[in-house]
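Because the structure is a prediction, the values reported are computed rather than measured. Whatever order the structure lists them in is the order used to number ligands and atoms, beginning at 1. Just the heavy atoms: all of them, side chains too, but no hydrogens, waters or symmetry mates, feed the values below.
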Amino acid sequence: MSAICEQVDAALAGSRPALARLLSIAERSGPELLEIEDRISARVGNALVVGVTGPPGAGKSTLINALLPHALKDFDGVGVLAVDPSSPFSDGAILGDRVRMQGGEYGSSVFIRSMASRGELGGLARAASTAMRLMDACGWSLIIIETLGIGQVELDVMNLADTTLVVLNPGWGDTIQANKAGLTEAGDVFVINKADKPGADVTRTDLLESLSLLNREPPPPVCQSTASTGDGVAELWTALRDHQDYLEQSGQLDSARAHKQQLLVRRTITHQLTHEVERLMDSDLATSMLDQSTLGQLDLRQTVDRLLRELARPRG
Ligand SMILES: Nc1nc2c(ncn2[C@@H]2O[C@H](COP(=O)(O)OP(=O)(O)O)[C@@H](O)[C@H]2O)c(=O)[nH]1
Ligand SMILES: [Mg+2]
C-alpha cells in the first residue's frame with residue numbers, strides 16, 4: 001500500500017494528525033490529489049457544507065467561532081476550513097485567524113484548518129474541494145468553509161457549499177461591492193455583522209432592496225449579528241438550519257450539489273485550458289506558425305487547426 005493510502009486509512013480511522021498531513025498534501029494540489037480522491041470516494045457525501053464569505057475584516061472568523069457552540073448542538077463534529085488564496089499557510093494573518101478560531105474549548109468535536117495555494121489557476125478550488133471531501137469522509141458532519149468574497153477563485157470555493165452565508169457590515173459600500181462581486185446572487189442567507197456599529201438598519205434595507213430585484217423564491221433571510229458579543233448569532237444559526245431543512249425537504253440538495261460540481265469541473269477545465277493556451281502561444285511552434293500566418297503562407301484556419309492539434313496532443 002502506498003504511503004498516501006496508509007495516511008488516508010489512518011485518517012478515516014479517526015487520526016487527526018493523519019488528516020492534518022493529508023490536508024497539507026491537498027493544499028499543494030499535486031498529483032496525489034487523485035490518489036486521495038480515489039481512496040475516499042466511497043465515504044464522501046454525508047456532510048453538510050456551509051460557506052461563509054464576505055469582505056476581509058467583516059467578522060467571518062469571529063462569527064464562525066460564535067456559531068460553533070450552536071452548531072455543536074445539532075452536529076456531533078464540526079470541521080472548519082479557512083481558505084485564503086493570498087496567504088501562504090504559515091502566514092501571520094492566517095495565524096491570527098487560527099488564534100481567533102482555535103475552538104480549543106470544544107476539544108475533539110471541532111477541527112480547524114486554514115489553507116492557501118500558490119499553485120496553478122483553479123488549483124485552490126480543487127485543493128479546497130479535496131480538503132472538504134477528506135473532512136467529510138473522516139466523519140465531520142458539518143463543514144464550514146470561510147473564504148473572501150471578492151473574486152472568481154472565491155466564488156468557485158463557494159460552489160462547494162450547500163448553504164452560502166454572506167457576511168456584510170453596516171455601511172453603503174458593502175452592499176454595492178456585494179452586488180458587484182456576485183455575492184447577492186450567491187448568498188442563501190445574509191447577515192449584517194457588527195450590528196453594534198451605526199447604520200446596520202440602513203444597510204439591511206438597502207440589501208433587502210437589492211435582493212428583491214432578484215425575485216428569489218423563497219427570498220433569502222437577512223439577519224443581524226454582533227459576533228464579538230454573540231448577539232443575534234443563535235438566530236443566524238436557526239436561519240442557516242432552516243435553509244438546510246429547506247434544501248433537504250424540497251429535494252434540492254442533490255440537484256444543487258450536482259449543478260455545483262458541474263460548475264466546478266467546468267471552471268477548473270477552463271482555467272487549465274487558458275493556462276495551456278498561454279503556454280502553447282509561447283512555444284517555438286506557435287511563434288513560427290504566427291510568422292508564417294503573418295506572411296500569408298498559412299491561413300487562419302490552418303494555423304488554428306494545427307495549434308489546436310498541438311493542444312490536444314498528449315504530453316509525455
Ligand atoms: N465591533 C465589532 N467588531 C467585530 C465584530 N465581529 C468581528 N469584529 C472584529 O472585526 C475584526 C475582524 O474580524 P475577523 O473575524 O478576523 O474578520 P474576517 O476577516 O471576516 O474573518 C476583528 O478585530 C474582530 O474582533 C462585531 O460584531 N462587532
Ligand atoms: Mg477570517
Side-chain angles (χ1 to χ4, degrees), residues 23 27 49-71 78-106 110-117 124 128 131-132 143-151 153-155 157-158 160-161 163-171 173-175 177-178 180-184 186-187 189-204 207 221-240:
L23 291 172
E27 188 175 33
V49 184
V50 174
V52 179
T53 193
K60 298 178 294 295
S61 302
T62 316
L63 202 50
I64 291 171
N65 207 13
L67 282 165
L68 283 176
H70 301 281
V78 183
V80 179
L81 188 64
V83 180
D84 186 341
S86 60
S87 315
F89 183 58
S90 56
D91 188 80
I94 291 285
L95 206 62
D97 267 359
R98 276 187 164 173
V99 174
R100 264 200 297 283
M101 296 203 311
Q102 54 200 338
E105 69 239 63
Y106 308 113
V110 173
F111 185 92
I112 295 180
R113 174 68 193 228
S114 47
M115 86 185 301
S117 162
L124 182 64
M132 184 198 84
I143 297 172
I144 303 179
I145 306 183
E146 174 186 338
T147 182
L148 293 176
I150 43 177
V153 175
E154 291 76 16
L155 284 179
V157 172
M158 290 329 290
L160 303 172
T163 298
T164 295
L165 170 66
V166 173
V167 184
L168 301 175
N169 292 148
D174 253 20
T175 312
Q177 290 305 324
K180 265 201 219 150
L183 287 182
T184 328
V189 176
F190 291 80
V191 64
I192 319 277
N193 185 47
K194 304 198 183 179
D196 53 320
K197 302 217 162 166
D201 288 333
V202 179
T203 303
R204 184 162 189 275
L207 179 61
V222 177
C223 304
Q224 292 195 17
S225 68
T226 305
S228 44
T229 63
D231 274 359
V233 176
E235 292 80 358
L236 174 60
W237 176 246
T238 304
L240 291 168

**Message:** Using only atom types and a distance under 3.5 Å, with no angle test, would you say the side chain of K60 pairs donor to acceptor with the backbone of P55?
**Reply:** yes
**Request:** Please name all residues satisfying side-chain contact (heavy atoms from CB on, under 4.5 Å) with A195, sequence neighbours left out, ordered by chain then number.
**Result:** A200, Q224, T226
**Prompt:** Taking both backbone and side-chain atoms of A227, is any N or O found less than 3.5 Å from an N or O belonging to ligand 1?
**Reply:** yes
**Asked** Can you name the residues that form a side chain to side chain donor-acceptor pair (under 3.5 Å) with T164, not counting sequence neighbours?
**Response** none
**Item:** Element-labelled atoms of ligand 1 that are located less than 4.0 Å from some non-hydrogen atom of A58
**Value:** 17 (O), 20 (O)
**Shortest non-hydrogen contact between M132 and L81, atoms and distance** = N-CD2, 4.2 Å
**Request:** Would you check if T62 and N193 make a side-chain contact, meaning some heavy-atom pair closer than 4.5 Å?
**Result:** no
**Message:** If the cut-off is 4.0 Å to any non-hydrogen atom of T62, which atoms of ligand 1 fall inside it?
**Reply:** 7 (C), 13 (O), 14 (P), 15 (O), 24 (C)
**Message:** As a check for students: among Q224, K197, K60, K194, identify the option with a heavy atom nearest to atom 8 (N) of ligand 1.
**Reply:** K194
**Asked** Quick one: does T203's side chain get under 4.5 Å of N169's, heavy atoms only?
**Response** no
**Message:** Quick one: does any side-chain atom of R204 pair with a main-chain N or O of V222 as donor and acceptor, under 3.5 Å?
**Reply:** yes
**Request:** Give yes or no for whether the N/O distance cutoff of 3.5 Å, strictly under, is met between L63 and ligand 1.
**Result:** no
**Fill in**
Contact region, D196 to ligand 1, non-hydrogen atoms below 4.0 Å, reads side chain
**Asked** Is the distance from the Mg ion (ligand 2) to some N, O or S atom of T62 under 2.8 Å?
**Response** no
**Item:** Geometric N/O contact N193 with ligand 1, under 3.5 angstrom
**Value:** yes
**Request:** Write the atom name of the N, O or S atom in E146 that is nearest the Mg ion (ligand 2).
**Result:** OE2
